[in-house]
Peer 1: 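To start, I am sharing the structure in question, which I have written as structure tokens.
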Amino acid sequence: MDAQQKISIEELRKLCRDVLAHYGFSQLHINALTETLVTGQINECASHGVYRLLGLIHTLNAGKVSPDAHPIVFDHAPAIVKVDAQKTFSPIAFQAGLPLLTEKAKINGLAAMAINHCVHFSALWFEIEQITQQGLVAIACNPSHAWVAPVGGSKSILGTNPFAFGWPRPDNDPFIFDFATSAIARGDIELHRRTNTPLKEGWAVDVKGNPTTDPNEALTGSMLPFGSHKGSALSIMIELIAASLIGDLNSAESLAWDEKAGGLPYHGEIIIAFNPQSFLGDQMSEYFNRAELMFGDIEASGARLPSQRRYAAKKKNLASGMVSIDQTLLKDIQNLLS
Ligand code: NDP
Ligand code: PYC
């Protein structure tokens, strides 16, 4: 493992902003991207924190993303918002479409937002959190590049396809889970390669289909779905509802579009928001309280809720105003300015 060092959140934010400005991103992009990257670091989600800045700049240099386009929001149907990201990174498109999505969900009881033509690099909890802050229940998912072999198969066809869910809690941080449908995110395998750390068994196979714990072999071979046939089926569902259904590229098409440039995936995302008030009316507090009893039982049983590690990290880091960062990664980011 490489050594970690502390850096103030403000200094890290400034570094991100300086790098993005240096590469010609517009102010709108600098603001949205910096917030996404630094929030990932504050929440100690290393695979989707400021590490992603390296991929963002690589993708820009490969000519695969726009540094200054403005997404276009379409009021497509009473319960459907469409956002054409115009080849920008997904956080900019999400930010553009969120107000109409929440408005439609509140009016109709539920609504979906299809983001098209975006370059995707971020963790989905960041988006889900913003929807639960509006008192809404949310689901989000998207394809990526075809890095994952379906269970029983020998070819990478599926993406790492994250799936995230959020439930607002009246007096608590929301219940949120957010995971890749591969055994682990691709970003985590890349971090293992950077620190020369072996993978866990069951995460990947090499080009010949043999199990491997070598991150380099995993990156050239195939990643595996989590939970065998169950993760594999969920991943296929994501290819369907977050690519075919919304008229965008699936993971195999995204990888082909990349033309071996090594850029971040280019595709769409679907986000669905439910208004509990519309479903439950004046029974809402009763059923939300009953959900709280279940959360209490889960924690009393010795289990932890998803996102609790993340919330604890966020609380600690915001209180100190400092975050940890891998020393080599920090140097690599600083070198982007030279
Ligand atoms: P992990 O397997 O590390 O964690 C997934 C979720 O499980 C988190 O909500 C985590 O909460 C929770 N969790 C972990 N351990 C426990 C436990 N013991 N008990 C209860 N809950 C637990 O994540 P992945 O590697 O699968 O994914 C990491 C990130 O990568 C995600 O944020 C995802 O959105 C992102 N990603 C993005 C992609 C893209 O295309 N943009 C593609 C693939 C992944 P906690 O955080 O509190 O530990
Ligand atoms: O970690 O699998 C991943 C990933 C793909 C796109 C962004 N993150």
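Just so it is clear, the structure is predicted and the values come from calculations on it, not from any experiment. As the structure lists them, so they are numbered: ligands from 1, and atoms in each ligand from 1.
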Peer 1: Linking I/L/V/M/F/W/Y whenever any side-chain heavy atoms sit under 4.5 Å apart, do Tyr287 and Phe279 land together?
Peer 2: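 Yes, Tyr287 and Phe279 fall within the same hydrophobic cluster.
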Peer 1: First locate atom CD1 of Ile189, then atom NZ of Lys200, and finally report the distance between them rounded to the nearest 0.5 Å.
Peer 2: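 Separation between the atoms: 12.0 Å.
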Peer 1: Identify, for atom 38 (C) of ligand 1, the protein heavy atom at the shortest distance, and state residue, atom and that distance.
Peer 2: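 So the nearest neighbour among protein heavy atoms is Pro162 CG, 3.4 Å.
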Peer 1: Would you say Leu54 and Leu56 are hydrophobically clustered, going by side-chain heavy atoms of ILVMFWY under 4.5 Å?
Peer 2: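 Yes: a chain of side-chain contacts under 4.5 Å links Leu54 to Leu56.
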Peer 1: Does an N or O from Ala185, backbone or side chain, lie closer than 3.5 Å to an N or O of ligand 1?
Peer 2: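 Yes, there is a polar N/O contact under 3.5 Å.
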Peer 1: Looking only at distance, does His120 have an N or O less than 3.5 Å from an N or O of ligand 1?
Peer 2: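 Yes, since at least one N or O of His120 sits under 3.5 Å from an N or O of ligand 1.
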Peer 1: Does CG belonging to Asn335 count more than 12 external heavy atoms closer than 6.0 Å?
Peer 2: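 Buried by this count: over 12 neighbours within 6.0 Å.
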Peer 1: If I apply the N/O under 3.5 Å rule, does Ser144 come out as touching ligand 1?
Peer 2: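 Between Ser144 and ligand 1, no N or O pair is found under 3.5 Å apart.
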Peer 1: So, Arg169 and Glu292, do they make that salt bridge, N to O below 4.0 Å?
Peer 2: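 The answer is yes: the pair qualifies as a salt bridge.
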Peer 1: Can you find an N or O of Ser182 that's nearer than 3.5 Å to an N or O of ligand 1?
Peer 2: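 No, no N or O pair falls under 3.5 Å.
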Peer 1: Quick one: which residue pairs count as a ring-ring contact (aromatic ring centres under 6.0 Å, His included) with a foot in residues 187-226, not counting sequence neighbours?
Peer 2: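 Output for this query lists Phe179-Phe226, His192-Trp203.
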Peer 1: I'd like to check whether His267 has a polar contact with ligand 1, where a contact means an N/O of the residue lying under 3.5 Å from an N/O of the ligand.
Peer 2: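 The answer is no, given that His267 and ligand 1 share no N or O pair closer than 3.5 Å.
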Peer 1: Just to be sure I'm reading this right: ignoring hydrogens, which of Arg304, Lys314, Arg52 gets closest to atom 15 (N) of ligand 1? Compare them by their nearest heavy atoms.
Peer 2: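 Of the listed residues, Arg304 has the closest heavy atom.
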Peer 1: Give a yes/no verdict on whether any heavy atom in Ser307 is under 4.0 Å from an atom of ligand 1.
Peer 2: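 A heavy atom of Ser307 does come that close to ligand 1.
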Peer 1: List the closest protein heavy-atom neighbour of atom 46 (O) of ligand 1: residue, atom name, distance to the nearest 0.1 Å.
Peer 2: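 Sorting protein heavy atoms by distance from atom 46 (O) of ligand 1 puts Arg309 NH2, 3.1 Å first.
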Peer 1: Salt bridge or not for Arg13 and Glu10, using N-O below 4.0 Å?
Peer 2: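 Here Arg13 pairs with Glu10 in a salt bridge, since their nearest N and O are under 4.0 Å apart.
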Peer 1: Does ligand 1 have a heavy atom under 4.0 Å from the side chain of Asn142, from its backbone, from both, or from neither?
Peer 2: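 The side chain, only.
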Peer 1: Cut-off 3.5 Å, no hydrogens considered: what does the side-chain donor-acceptor table look like for residues 16-24, sequence neighbours left out?
Peer 2:
unit_1, atom_1, unit_2, atom_2, d
Arg17, NH1, Asn31, OD1, 3.1
Arg17, NH2, Asn31, OD1, 2.8
Asp18, OD2, Lys14, NZ, 2.7
Tyr23, OH, Leu336, O, 2.7

Peer 1: I'd like to know if the side chain of Thr181 and the backbone of Asn161 have a donor-acceptor N/O pair within less than 3.5 Å.
Peer 2: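 Yes, because the side chain of Thr181 sits within donor-acceptor range (under 3.5 Å) of the backbone of Asn161.
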Peer 1: Applying ring-ring contact (aromatic ring centres under 6.0 Å, His included) as the test, list every pair that has at least one member in residues 107-128; sequence neighbours left out.
Peer 2: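 Matches after skipping sequence neighbours: Phe89-Phe121, His120-His267.
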Peer 1: Applying a heavy-atom cut-off of 4.0 Å, say which part of His48 lies close to ligand 1: side chain, backbone, both or neither.
Peer 2: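 It is the side chain that gets close, since no backbone atom is under 4.0 Å.
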Peer 1: Could you say whether the N/O atoms of Leu124 and ligand 1 ever approach to under 3.5 Å?
Peer 2: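 Between Leu124 and ligand 1, an N or O pair is found under 3.5 Å apart.
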Peer 1: Which atoms of ligand 1 are found less than 4.0 Å from any heavy atom of Arg310?
Peer 2: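 Contacts of ligand 1 toward Arg310, numbered from 1: 46 (O), 47 (O).
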Peer 1: Write out the residue and atom name of the closest protein heavy atom to atom 43 (C) of ligand 1, then the distance separating them to 0.1 Å.
Peer 2: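 The protein heavy atom lying closest is Thr160 OG1, 3.6 Å.
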Peer 1: Taking only heavy atoms of Gln308, which atoms of ligand 1 are found under 4.0 Å from at least one of them?
Peer 2: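 Counting atoms of ligand 1 from 1, those under 4.0 Å from Gln308 are 47 (O).
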Peer 1: Using a 4.0 Å heavy-atom cut-off, which part of Ser122 comes near ligand 1: side chain, backbone, both, or neither?
Peer 2: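 It is the backbone that touches ligand 1; the side chain stays farther off.
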Peer 1: Is the shortest side-chain N to carboxylate O distance from Glu217 to Lys208 below 4.0 Å?
Peer 2: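 Salt bridge between Glu217 and Lys208, a charged N being under 4.0 Å from a carboxylate O: no.
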Peer 1: Could an N or O of ligand 1 be found under 3.5 Å from any N or O of Ala180, whether backbone or side chain?
Peer 2: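 Yes, Ala180 has an N/O under 3.5 Å of an N/O on ligand 1.
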Peer 1: Could you tell me which atoms of ligand 1, counted from 1 in the order shown, lie closer than 4.0 angstrom to a heavy atom of Ala123?
Peer 2: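 Counting atoms of ligand 1 from 1, those under 4.0 Å from Ala123 are 32 (O), 34 (O).
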Peer 1: Given 3.5 Å as the limit, does a donor-acceptor pair link the side chain of Asp188 with the main chain of Ile184, or not?
Peer 2: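 The answer is no, because no donor-acceptor pair under 3.5 Å joins these two groups.
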Peer 1: Find the distance between CG (Leu255) and CH2 (Trp257) and round it off to the nearest 0.5 Å.
Peer 2: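 The distance works out to 11.5 Å.
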Peer 1: Return the closest protein heavy atom for atom 6 (C) of ligand 1 as residue, atom name and distance.
Peer 2: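 Result for atom 6 (C) of ligand 1: Asp178 O, 3.3 Å.
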Peer 1: Please work out, at 4.0 Å between heavy atoms, whether the side chain, the backbone, both, or neither of Trp125 comes within that distance of ligand 1.
Peer 2: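 For Trp125, only side-chain atoms sit under 4.0 Å from ligand 1.
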Peer 1: Before accepting this row, confirm whether a basic side-chain N of the pair Asp75/Lys82 lies closer than 4.0 Å to the acidic partner's carboxylate O.
Peer 2: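 No.
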Peer 1: Taking only Lys NZ, Arg NE, NH1 and NH2, and the carboxylate oxygens of Asp or Glu, determine whether Lys314 and Glu44 approach each other closer than 4.0 Å.
Peer 2: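 No.
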Peer 1: What I want to find out is whether Glu286 reaches Arg290 closely enough, with some N-O distance under 4.0 Å, to be called a salt bridge.
Peer 2: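 Looking at Glu286 and Arg290, the cut-off is met.
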Peer 1: Would you check ligand 2 and list the protein residues that come within less than 4.0 Å of it by any heavy atom, ordered by chain and number?
Peer 2: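 Residues within 4.0 Å of ligand 2: His48, Arg52, His120, Phe121, Trp147, Thr160, Ala185, Arg186, Gly187, Pro265.
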Peer 1: Protein heavy atom under 4.0 angstrom of atom 3 (O) of ligand 1, is there one?
Peer 2: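 Flag for atom 3 (O) of ligand 1 set to false, no protein heavy atom closer than 4.0 Å.
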Peer 1: Under 4.0 Å from any heavy atom of Pro306, which atoms of ligand 1 are there?
Peer 2: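 In order of numbering, the contacting atoms are 9 (O), 11 (O), 12 (C), 20 (C), 21 (N).
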Peer 1: Can you list the steps and then say if Phe74 with Val81 is a side chain to side chain contact (heavy atoms under 4.5 Å, CB included)?
Peer 2: CA-CA 6 Å; Phe74 299 97; Val81 183; over 6 Å; no
